[in-house]
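The next block holds one structure in the form of structure tokens; read it before the comments.
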Amino acid sequence: SGRRGALMITIRDSHPDIMDFMRVKRNLKTVRFANISVKVSDALMQAVEKDGDFELNFVNDKVSVKKTVRAKEVWGELIRGARDWAEPGVIFWDTVKRESTSEYNGMEVISTNPCAEIPLEAYGDCCLGNINLSRFVEEEFTERSRVNWTALERAARYGVRFLDNVLDYNADKHPLKQQTEASQLSRRIGVGFTGLGDMLCQMRLKYDTDEAIQFVDQLFERIKNFVYDESVNVGIEKGTFKNYDREKHLKSPFVQRLASSVIERIKQHGMRNVAVLTVPPVGSGASLAGTTSGVEPIFDLAYTRRSESLSQEYFKVYHPLVGQYLRMFGLKDDAELPEYFITAHKIAAEK
């Protein structure tokens with residue numbers, strides 16, 4: 001309770017204590033400084049859809065506990081918690097494992113880092129950095145608005161090199177020997193992103209439209225191939241990560257969906273990093289950069305701030321991009337903003 005660090009506690013959906021775990025934060029005197037999430041399996045979701053039974057089990061060398069419940073009991077309790085207490089969260093863990101690029105040679109992911117931005121192996125290294133997407137739009141708010149792909153590609157490739165260097169800089173700074181070893185065996189990094197909500201406004205794309213979704217698909221498809229290609233380049237220069245196995249690595253469905261040219265280069269040269277991307281919330285970082293968080297929309301157009309030290313006790317603060325737009329077009333109030341300045345609570349739930 002001193003420094004408010006991040007902590008994510010996860011549990012598999014088939015653990016016998018699952019129901020108690022999902023309720024643990026409804027008493028705010030117990031787990032106060034952590035988030036909780038359930039690692040949801042395909043088996044649970046299929047049983048929920050069929051309204052079938054679901055087996056809970058825990059077995060080790062000391063105890064064996066097994067019991068059967070209705071799948072909808074587990075799912076219903078999870079939904080009630082999310083609706084009424086905002087927790088637990090869900091991690092579709094079978095999907096994570098299927099898509100993971102590190103499911104071999106002891107690098108298999110077992111949970112997430114404390115902020116839950118990235119799945120990790122035991123003692124895994126959370127080496128993350130973020131690109132502010134809103135800085136790569138030219139002629140913003142006009143019909144000619146466009147992405148500066150040359151600059152964005154350079155930033156993405158520099159991001160790979162920067163984070164790979166951070167692994168070496170930190171190699172002798174980990175508290176535990178196992179952490180040092182894990183970081184060098186996999187060289188896992190996470191090139192991440194913030195400012196997507198602002199970027200869409202700058203491109204005059206409303207966050208919850210099919211047009212915006214199509215743009216985002218194309219955006220990240222290109223970025224994905226930039227960073228994986230650059231990890232190949234760094235691997236050529238400095239060597240692949242220690243646990244690299246070409247045949248096993250290429251089995252990942254995620255790797256198989258890369259551009260054919262990138263896959264061919266991985267086959268020929270290997271990679272420097274077992275995993276390269278992540279999409280974190282970037283809360284404090286986005287506030288520092290004055291942009292939207294992660295891939296989220298604008299939370300609110302403005303808020304009222306209270307200050308005892310300034311001349312005004314209460315004053316209105318605009319989201320930075322909103323303030324910029326009002327100044328650019330000589331508007332006096334956010335009521336005059338175009339519809340693509342949509343906020344989180346007004347987005348269609350289905351989107």
How close do [X] and [Y] get, counting heavy atoms only, and between which atoms?
| X | Y | answer |
| --- | --- | --- |
| Glu87 | Ala34 | OE1-O, 4.2 Å |
| Pro281 | Ser293 | O-CB, 3.2 Å |
| Ala82 | Pro88 | CB-O, 4.1 Å |
| Met107 | Glu121 | O-CB, 3.5 Å |
| Ile131 | Ala156 | CD1-CA, 3.6 Å |
| Leu196 | Phe220 | CD2-CE1, 4.4 Å |

Looking at [X] and [Y], does any basic side-chain N land under 4.0 Å from a carboxylate oxygen?
| X | Y | result |
| --- | --- | --- |
| Lys242 | Glu181 | no |
| Lys251 | Glu247 | no |
| Glu77 | Arg26 | yes |
| Lys238 | Asp168 | no |
| Lys206 | Glu339 | no |
| Asp210 | Lys351 | yes |

>> Under the rule for ring-ring contact (aromatic ring centres under 6.0 Å, His included), what residues qualify as partners of Phe136, not counting sequence neighbours?
In response: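 Listed in chain order: nothing, the list is empty.
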
So, the side chain of [X] versus the backbone of [Y]: is there a donor-acceptor pair under 3.5 Å, distance only?
| X | Y | answer |
| --- | --- | --- |
| Thr101 | Val274 | yes |
| Asp17 | Phe21 | no |
| Arg204 | Tyr340 | no |
| Ser183 | Leu167 | no |
| Asn273 | Val276 | no |
| Glu237 | Gly235 | no |
| Asn243 | Leu185 | no |
| Ser231 | Val227 | no |
| Asn225 | Ala259 | yes |
| Thr194 | Ala286 | no |

Cluster overlap [X] with [Y], hydrophobic side-chain contacts below 4.5 Å:
| X | Y | value |
| --- | --- | --- |
| Phe299 | Val295 | no |
| Val255 | Val109 | no |
| Phe215 | Phe341 | no |
| Phe92 | Met8 | no |
| Val137 | Leu337 | no |

> Cation over ring, Lys224 on Tyr228, under 6.0 Å and within 45°?
Replying inline: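 Cation-pi check for Lys224 and Tyr228: fails.
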
Side chains of residues 42-59: which donor-acceptor pairs under 3.5 Å do they make with residues two or more places apart or in other chains?
| from | atom 1 | to | atom 2 | distance (Å) |
| --- | --- | --- | --- | --- |
| Asp42 | OD2 | Arg98 | NH1 | 2.7 |
| Asp51 | OD1 | Arg70 | NE | 3.3 |
| Asp51 | OD1 | Arg70 | NH2 | 2.6 |
| Asp51 | OD2 | Arg70 | NH2 | 3.3 |

Greater than 12 external heavy atoms within 6.0 Å of [X]'s [atom1]:
| X | atom1 | answer |
| --- | --- | --- |
| Phe254 | CZ | yes |
| Lys173 | NZ | yes |
| Tyr123 | OH | no |

Measuring from [X]:[atom1] to [Y]:[atom2], what's the distance to the nearest 0.5 Å?
| X | Y | atom1 | atom2 | result |
| --- | --- | --- | --- | --- |
| Leu321 | Thr291 | CG | OG1 | 7.0 Å |
| Leu250 | Ile266 | CG | CD1 | 6.5 Å |
| Thr343 | Ile298 | OG1 | CD1 | 8.0 Å |
| Asn105 | Ser186 | CG | OG | 11.5 Å |
| Gln324 | Phe141 | CD | CZ | 5.0 Å |
| Ile11 | Asp20 | CD1 | CG | 9.0 Å |

Can you see whether [X] engages [Y] through a side-chain donor-acceptor pair at a distance of less than 3.5 angstrom?
| X | Y | value |
| --- | --- | --- |
| Asp198 | Gln202 | no |
| Arg188 | Ser102 | yes |
| Asp217 | Gln214 | no |
| Arg135 | Asn148 | no |

> Picking from Val191, Ile189, Asn113, Ile118, what satisfies side-chain contact (heavy atoms from CB on, under 4.5 Å) with Thr278?
Replying inline: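 Running side-chain contact (heavy atoms from CB on, under 4.5 Å) over Val191, Ile189, Asn113, Ile118 with Thr278 returns exactly one hit, Ile118.
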
> Once the angle between the rings of Phe329 and Tyr325 is folded into 0 to 90°, is it parallel (under 30°), tilted (30 to 60°) or perpendicular (over 60°)?
Replying inline: tilted

>> Parallel, tilted or perpendicular, judged at 30° and 60°: which one describes the rings of Tyr104 and Phe241?
In response: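 Plane angle between 30° and 60°, so tilted.
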
>> Would His319 and Thr292 count as a side-chain contact (heavy atoms from CB on, under 4.5 Å) here? Give the steps.
In response: CA-CA 9 Å; His319 173 69; Thr292 47; 3.7 Å; yes

Do the side chains of [Y] and [X] get nearer than 4.5 Å, heavy atoms only?
| X | Y | answer |
| --- | --- | --- |
| Val216 | Leu205 | no |
| Met19 | Val69 | no |
| His249 | Tyr244 | yes |
| Met271 | Val232 | yes |

> What pairs with Glu296 under side-chain hydrogen bond (donor to acceptor under 3.5 Å, both in side chains), at least two apart in sequence or on another chain?
Replying inline: none

>> Before you tell me yes or no, could you show the steps for Asp334 and Lys316 under side-chain contact (heavy atoms from CB on, under 4.5 Å), namely the whole-Å CA-CA distance, both residues' side-chain angles and the distance that decides it to 0.1 Å?
In response: CA-CA 11 Å; Asp334 54 58; Lys316 191 173 186 177; 3.3 Å; yes

> Name the one of Asp13, Thr95, Asp94 that satisfies side-chain hydrogen bond (donor to acceptor under 3.5 Å, both in side chains) with Ser41?
Replying inline: Asp13

>> Run the side-chain contact (heavy atoms from CB on, under 4.5 Å) test on Val74 and Met22 for me, step by step, so that the C-alpha distance in whole Å, both residues' side-chain angles and the decisive distance to 0.1 Å come before the verdict.
In response: CA-CA 9 Å; Val74 178; Met22 290 191 289; 4.1 Å; yes

>> Working note: Leu133 + Leu219, criterion side-chain contact (heavy atoms from CB on, under 4.5 Å); need CA distance, chi angles, decisive distance, verdict.
In response: CA-CA 10 Å; Leu133 295 169; Leu219 172 73; 4.2 Å; yes

